[in-house]
Amino acid sequence: MKHKQAGMTLTSFLMVLAVVGFGLYIVMKLFPMYQEFYSIKVAMKSMANESTGEFNPSNATQAFFKRMDMNYSDTVKRDNIKFERTDGGWRMNVTYEVRKPLIGNLDIVGNFTNSQDFTSGSAQ
């Protein structure tokens, strides 16, 4: 009695390899975008923890960009940062878009938004 051999053929192995490779390519494009967003969140949180006394949006913007320079982040521009008054102090909103080329005329677009409240002595 003959047994039929089971397993992947070379063609099916190459197809699986192509799908996994494309997935890794997408992850390589997305990872820097999310890594930068995480560094922005951390910078805003640490600024809120360090803020004491009177809050000044101009000084906060300078401190934020100093932290972004340390992280080699250049996506966020001054136009992407807005401050608004709240009952307990100020809220800093950072909204920006990242566009990375994928294949040909297809792009990956990420829209990121983060906000941080600056109150006297406490961070949220």
Side-chain angles (χ1 to χ4, degrees):
M1 197 166 163
K2 290 186 177 184
H3 294 286
K4 186 174 181 179
Q5 186 174 358
M8 292 179 81
T9 63
L10 180 61
T11 307
S12 61
F13 176 72
L14 291 176
M15 281 199 253
V16 169
L17 191 63
V19 169
V20 169
F22 185 70
L24 287 174
Y25 179 71
I26 299 274
V27 168
M28 287 182 352
K29 292 289 186 172
L30 290 175
F31 181 75
M33 292 170 31
Y34 281 97
Q35 183 180 19
E36 182 177 38
F37 179 65
Y38 179 74
S39 68
I40 288 169
K41 286 175 64 171
V42 168
M44 291 172 71
K45 187 74 163 176
S46 67
M47 285 173 54
N49 289 334
E50 293 172 5
S51 70
T52 57
E54 193 64 30
F55 181 80
N56 183 348
S58 174
N59 292 343
T61 303
Q62 288 177 348
F64 176 75
F65 280 110
K66 283 181 184 177
R67 291 166 194 251
M68 291 296 96
D69 287 343
M70 287 189 291
N71 291 326
Y72 302 107
S73 173
D74 59 356
T75 304
V76 178
K77 307 296 183 213
R78 291 197 184 273
D79 295 339
N80 302 123
I81 299 174
K82 303 286 186 240
F83 289 94
E84 62 185 45
R85 271 256 193 229
T86 61
D87 292 335
W90 289 86
R91 177 172 293 135
M92 179 180 181
N93 298 310
V94 177
T95 303
Y96 65 100
E97 178 180 289
V98 180
R99 183 177 295 267
K100 299 280 184 179
L102 183 62
I103 298 172
N105 62 350
L106 296 176
D107 291 344
I108 292 178
V109 179
N111 292 309
F112 297 97
T113 301
N114 192 42
S115 63
Q116 179 65 51
D117 290 336
F118 291 88
T119 58
S120 58
S122 65
Q124 292 185 5

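Just so we're clear, the structure is a prediction, and the values are computed from it rather than from any experiment.
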Undergrad: Scan residues 101-113 for pairs that pass salt bridge (charged side-chain N to carboxylate O under 4.0 Å, His left out), counting only residues two or more places apart or in two chains.
TA: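 Salt bridge (charged side-chain N to carboxylate O under 4.0 Å, His left out) check on residues 101-113 returns R99-D107.
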Undergrad: Can you name the closest pair of heavy atoms from M92 and F118 and give their distance?
TA: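 The answer is CB-CE1, 3.4 Å.
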Undergrad: Using the test side-chain hydrogen bond (donor to acceptor under 3.5 Å, both in side chains), find all partners of N93 that sit at least two apart in sequence or belong to another chain.
TA: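 So N93 forms a side-chain hydrogen bond (donor to acceptor under 3.5 Å, both in side chains) with E84.
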Undergrad: With sequence neighbours left out, write down each residue that passes side-chain hydrogen bond (donor to acceptor under 3.5 Å, both in side chains) with E50, or none if nothing qualifies.
TA: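 E50 satisfies side-chain hydrogen bond (donor to acceptor under 3.5 Å, both in side chains) with R67 once adjacent residues are dropped.
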Undergrad: Mind listing the side-chain donor-acceptor pairs of residues 8-15 below 3.5 Å, one per line with the distance, residues two or more places apart or on another chain?
TA:
unit_1	atom_1	unit_2	atom_2	d
T9	OG1	S12	N	3.3
T9	OG1	S12	OG	3.3
S12	OG	T9	N	3.0
S12	OG	T9	O	3.0

Undergrad: If every non-hydrogen atom of Q116 is compared with every non-hydrogen atom of A48, which pair is closest and at what distance?
TA: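 Q116 and A48 have their closest heavy atoms at NE2-CB, 3.5 Å.
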Undergrad: Has K82 got more than 12 heavy atoms of other residues, nucleotides or ligands less than 6.0 Å from its NZ?
TA: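 Yes, the 6.0 Å shell around NZ holds more than 12 heavy atoms from other groups.
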Undergrad: Sequence neighbours left out, what pairs pass ring pair (Phe, Tyr, Trp, His ring centres under 6.0 Å) with at least one residue falling in residues 61-85?
TA: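 Ring pair (Phe, Tyr, Trp, His ring centres under 6.0 Å) check on residues 61-85 returns F55-F83.
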Undergrad: Tell me, with the steps shown, if T95 and T113 meet side chain to side chain contact (heavy atoms under 4.5 Å, CB included).
TA: CA-CA 4 Å; T95 303; T113 301; 3.6 Å; yes
Undergrad: Write down the atom of A43, the atom of M68, and the distance for their closest heavy-atom approach.
TA: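 So the two residues come closest at CB-CE, 3.6 Å.
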Undergrad: Search all heavy atoms of K77 against all heavy atoms of D74 and return the closest pair with its distance.
TA: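 Closest approach of K77 to D74, heavy atoms only: NZ-O, 2.6 Å.
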Undergrad: Give the table of side-chain donor-acceptor pairs shorter than 3.5 Å for residues 20-41, with sequence neighbours excluded, one pair per line with atom names and distance.
TA:
unit_1	atom_1	unit_2	atom_2	d
Y25	OH	L102	O	2.8
K29	NZ	P101	O	3.1
E36	OE1	T75	OG1	2.8
E36	OE2	S73	OG	2.4
E36	OE2	T75	N	3.4
E36	OE2	T75	OG1	3.0
S39	OG	E36	O	2.7

Undergrad: Membership question, hydrophobic clusters at under 4.5 Å side-chain separation (ILVMFWY): are V42 and V76 in the same one?
TA: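 No, V76 and V42 fall in different hydrophobic clusters.
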